[in-house]
Amino acid sequence: MALRAAAVEGKLGDLGADQIPAEVVIDRPKNRDHGDYSTNIALVLAKPAGVAPRVIAELLVKALSESADIAKVEVAGPGFLNISIAAAAAGALCRTILSELGGYGTGDRLAGTRVNLEFISANPTGPLHLGHTRWAAVGDALGRVLTAVGAQVSREFYINDRGVQMDRFGESIMAAAHGLPAPADGYHGAYITELAHEIVELKPELLQLPESEQAVAFREEGYVRQLAHQQRVLDEFGTHFDVWFSERSLHSSTAVDAAFAKLREQGHVYEADGATWLRTTDFGDDKDRVLRKADGELTYFASDTAYYVDKRSRGFDICIYLLGADHHGYVGRLKATAACAGDDPERNVEVLIGQMVKIIEGGEELKLSKRAGTIITLEDIVERVGVDAARYTLIRYPVDTPMTMDVDLLTKRTNENPVFYVQYAHARISGVLRNAIEVGVSAELSGFDPALLTHEREGDLLGILGEFPRVVASAAELREPHRIARYLEELAGTYHRFYDACRVLPLGDEEVGPLNNARAVLCASTRQVLQNGLALLGVSAPERM
RNA sequence: GCCCCCGUAGCUCAGGGGAUAGAGCACCGCCCUCCGAAGGCGGUGGCGCAGGUUCGAAUCCUGCCGGGGGCACCA
């Protein structure tokens with residue numbers, strides 16, 4: 001595709017001269033009649049060149065039609081250039097896919113960029129709920145997508161293991177251990193009693209401790225178990241973290257002091273009313289934030305700030321935060337904090353805000369979890385629909401739109417259910433390829449003749465297979481893993497239509513011919529791309545269903 | 001009051017300035033003696049409103065209307 005830029009330069013010398021863009025935007029037209037690819041370059045250049053778009057387009061047509069890979073070039077509408085690729089050139093894509101295998105679709109757009117991806121970051125005081133589950137799926141997929149374009153990604157879970165919530169947690173378990181109801185504003189739910197029983201069984205001596213020590217002891221025991229529980233649940237969900245970062249560790253190390261020193265150095269820290277403040281209003285925040293309260297205690301904001309400074313000191317170029325909609329107020333202060341630390345808030349900090357998730361079953365919204373008492377947990381979801389369906393459907397929507405998970409839909413095995421639609425395509429191809437071996441049709445590249453793939457549906461399939469790398473790149477760039485899912489649905493549909501129209505294996509006692517082989521190669525290529533895409537979502541690609 | 005998100009088909013939602021705005025469901029009608037019908041094909045039907053930028057706007061900007069969420073020396 002790059003050949004054209006050179007061709008243009010000489011002929012457009014008329015007026016445009018050297019302001020010809022290095023890259024030309026090439027689209028896949030929605031309408032098949034407009035060729036395999038199209039470009040608006042003539043429309044874009046018309047104004048600066050002072051030449052009618054169609055004149056420029058005609059020049060390009062001449063240059064392009066010299067290529068053997070291009071079957072047809074046409075000027076259409078106001079000056080669009082519609083390009084059709086020769087079958088042989090289009091089919092050669094299968095060679096690329098089947099030699100790159102799992103590497104097909106990856107790129108180097110973010111090579112050398114170090115990304116810190118923080119998500120979920122729940123308190124270790126209870127089970128993970130529906131909102132966390134969305135992040136568990138999306139955050140993990142985003143990590144995979146960023147990695148696929150070359151970024152060095154560290155996934156981090158920030159453990160809020162400090163502060164009054166932890167104390168309430170300890171007190172609640174202690175109360176349960178004594179058979180008492182949870183204190184006001186304490187934690188409820190069956191899991192608290194379970195934790196209490198478990199701890200008492202193992203360490204009955206805790207019950208003899210003085211009350212204040214006892215609450216601390218229960219807090220710590222509960223903390224260890226609840227965190228381990230979250231880790232296990234996430235592990236089973238297929239979401240893995242590189243770093244579990246404890247808020248306490250910020251305070252036991254020199255991180256907080258280091259962060260304060262850095263901020264003072266930049267001149268944005270001041271004292272007022274006995275408290276220590278960060279002047280975030282210097283950078284657009286609506287009010288300054290307290291770092292250390294008048295009573296000497298550090299605020300939660302102080303921890304956040306120290307954590308951010310720590311991330312940057314560990315060498316991350318971009319710190320991505322995935323937060324729930326109820327935290328959108330953080331965006332301003334997070335960016336301002338970065339600015340206070342001397343960073344570029346536009347480049348170094350990115351915040352993705354996730355909207356609410358609802359879950360319905362039998363037409364009714366689910367609100368109760370047996371175990372957690374009130375909230376729907378990650379485990380409740382997995383129990384109902386399984387890991388694949390949960391992950392897929394949570395990733396399938398842009399995070400900034402509220403979404404509803406429909407349990408009944410997700411357990412259906414029809415094309416209403418996008419997870420199964422995509423997985424089914426994979427299983428279907430797997431079945432065809434299994435049969436191919438039996439009847440002696442080869443899906444190997446040796447002897448593959450791409451020029452045989454001339455059917456319209458074959459062309460459609462090749463076209464969409466070729467788009468995969470661009471989809472991955474844009475999903476990474478826009479931090480939108482849902483694009484992968486949408487692409488896979490389109491790919492699956494295109495395959496089903498191909499399958500319907502193009503017989504892969506010979507019928508009855510027909511001889512095996514080169515077209516059978518070529519189509520089998522196309523099937524294998526499609527299966528590979530489905531696998532690669534599903535892998536980016538952390539969803540399995542079953543051989544059979 | 002200030003801030004964030006969202007208004008696209010009857011429903012659930014896609015759509016990074018491009019040509020005739022897509023998919024699933026729902027409704028009507030088709031396609032299996034043979035590769036997985038867990039599928040495919042055809043029909044019906046839509047960008048909240050008003051301006052602006054542009055050769056071109058669902059997309060970018062402003063205002064309005066309608067819905068959801070958020071404001072802390074809490075965590």
> With heavy atoms under 4.0 Å as the rule, sort R544(A) into base, sugar-phosphate or nothing.
base
> Restricting to non-hydrogen atoms, name the atom on S303(A) and the atom on E247(A) that form the minimum distance, rounded to 0.1 Å.
OG-OE2, 2.7 Å
> Please state whether the base of A37(B) and the side chain of D500(A) form at least one donor-acceptor pair under 3.5 Å?
no
> Need one value for D406(A): base, sugar-phosphate or nothing, where a base atom within 4.0 Å counts as base even if backbone is also close, heavy atoms only.
nothing
> Contact class for T401(A) (heavy atom, under 4.0 Å): base, sugar-phosphate, or nothing?
sugar-phosphate
> What do you reckon, are the aromatic ring centroids of Y421(A) and H496(A) less than 6.0 Å apart?
yes
> If you only use heavy atoms from C-beta on, which nucleotide in A72(B), C35(B), C73(B) is closest to the side chain of N435(A)?
C35(B)
> Any base atoms under 4.0 Å from N82(A), or only sugar-phosphate, or nothing? Heavy atoms, all strands.
base
> Touch check for V504(A), heavy atoms < 4.0 angstrom, all strands: base, sugar-phosphate only, or nothing?
base
> Taking the C1' atom in each of U62(B) and A57(B), what is the distance between them to the nearest angstrom?
15 Å
> With the threshold set at 4.0 Å, does a side-chain nitrogen-carboxylate oxygen contact exist between R497(A) and E490(A)?
no
> If you measure from the C1' atom in G69(B) to the same atom in G16(B), how many Å do you get, rounded?
26 Å
> In the strands shown, is C32(B) matched to any nucleotide by a Watson-Crick or G-U wobble pair with both distances under 3.5 Å, and which?
none
> Would you say C13(B) has OP1 or OP2 under 4.0 Å from some side-chain N or O of H482(A)?
no
> Output the single nucleotide from C71(B), G39(B), G16(B) whose closest atom is nearest the side chain of K287(A).
C71(B)
> Stacking between H496(A) and G40(B), defined as ring centres under 5.5 angstrom apart with planes under 30°, is that present or not?
no
> Go through the N and O atoms of the side chain of H328(A) and the base of C5(B), and report whether any donor-acceptor pair is under 3.5 Å.
no
> Pick base, sugar-phosphate or nothing for R486(A), based on heavy-atom distances below 4.0 Å to the nucleic acid.
sugar-phosphate
> Ignoring backbone atoms, establish whether T404(A) has a side-chain N or O less than 4.0 Å from OP1 or OP2 of C11(B).
no
> Of all the nucleotides listed (G39(B), C5(B), C73(B)), which has the minimum atom distance to the side chain of A294(A)?
C73(B)
> Scan E543(A) against the nucleic acid and name what it touches under 4.0 Å (heavy atoms): base, sugar-phosphate only, or nothing.
base
> Examine the side chains of T281(A) and D288(A) and answer whether a donor and an acceptor come within less than 3.5 Å of each other.
yes
> Quick check for you: among C35(B), G15(B), G70(B), whose closest atom lies nearest to any side-chain atom of P398(A)?
G15(B)
> Considering only the C1' atoms, how many Å lie between A9(B) and G45(B), rounded to the nearest integer?
5 Å
> Relative to the 5' end of RNA chain B, which residue comes earlier, Y300(A) or P506(A), by the nucleotide with the nearest heavy atom?
P506(A)
> Is it true that E543(A) and R527(A) make a salt bridge, defined as a side-chain N closer than 4.0 Å to a carboxylate O?
yes
> Is C11(B) paired to anything, Watson-Crick or G-U wobble with both distances less than 3.5 Å, and if yes, which nucleotide?
G24(B)
> Is the Y158(A) ring parallel, tilted or perpendicular to the Y307(A) ring (thresholds 30°, 60°)?
parallel
> Is any side-chain N or O of Y499(A) closer than 4.0 Å to OP1 or OP2 of A37(B)?
yes
> Would you call C28(B) syn or anti, using the 90° rule around 0?
anti
> Tell me which nucleotide among G36(B), G18(B), C35(B) gets nearest to the side chain of N40(A).
G18(B)
> Could you let me know what A19(B) is paired to, Watson-Crick or G-U wobble, both distances under 3.5 Å, or none if it's on its own?
none
> Taking all atoms of both residues into account, what is the closest heavy-atom pair of I395(A) and A137(A), and its distance?
CD1-O, 3.6 Å
> On a plain distance test, is the side chain of N415(A) in donor-acceptor contact with the base of G39(B) below 3.5 Å?
no
> If you check the S38(A) side chain, which of G40(B), A19(B), A37(B) turns out closest?
A19(B)
> Between the base of A19(B) and the ring of F80(A) - centre-to-centre under 5.5 Å, planes within under 30° - is that a stack?
yes
> F283(A) and H268(A): aromatic ring centres closer than 6.0 Å?
yes
> Categorize R289(A) for me: base, sugar-phosphate, or nothing, with a 4.0 angstrom heavy-atom threshold over every strand shown.
sugar-phosphate
> Classify the nucleic acid contact of A501(A) as base, sugar-phosphate or nothing, counting any heavy atom under 4.0 Å across all strands shown.
nothing
> For nucleotides C74(B) and G15(B), find the distance between their C1' atoms and express it as a whole number of Å.
41 Å
> Can you tell me the Watson-Crick or wobble partner of G45(B), both distances under 3.5 angstrom?
none
> Please state the C1' separation for the pair C27(B) and C61(B) - nearest whole angstrom.
41 Å
> Of the nucleotides A19(B), G24(B), G39(B), which one has an atom closest to the side chain of E416(A)?
G24(B)
> Determine whether any donor atom in the side chain of R483(A) lies under 3.5 Å from an acceptor atom in the base of G16(B), or the reverse, and answer yes or no.
yes
> For the side chain of L478(A), starting at C-beta, report the closest nucleotide among G40(B), G16(B), G15(B).
G16(B)
> Sort out the partner of C71(B) for me: Watson-Crick or G-U wobble, both distances under 3.5 Å, none otherwise.
G1(B)
> Of A475(A) and M166(A), whose closest RNA chain B nucleotide lies nearer the 5' terminus?
A475(A)
> Heavy atoms under 4.0 Å, any strand shown: does R497(A) hit a base, just sugar-phosphate, or nothing?
sugar-phosphate
> What nucleotide, of A37(B), A72(B), C35(B), holds the atom closest to the side chain of R428(A)?
A37(B)
> Identify which nucleotide among A37(B), G40(B), C6(B) has an atom closest to any side-chain atom of Y421(A), counting heavy atoms from C-beta outward.
G40(B)
> Mind checking who A58(B) pairs with, Watson-Crick or G-U wobble, both distances under 3.5 Å?
none
> How far does the P atom of C13(B) sit from the matching atom of G17(B), given to the nearest Å?
24 Å
> Between the side chains of N415(A) and Y424(A), is a donor N or O closer than 3.5 angstrom to an acceptor N or O?
no
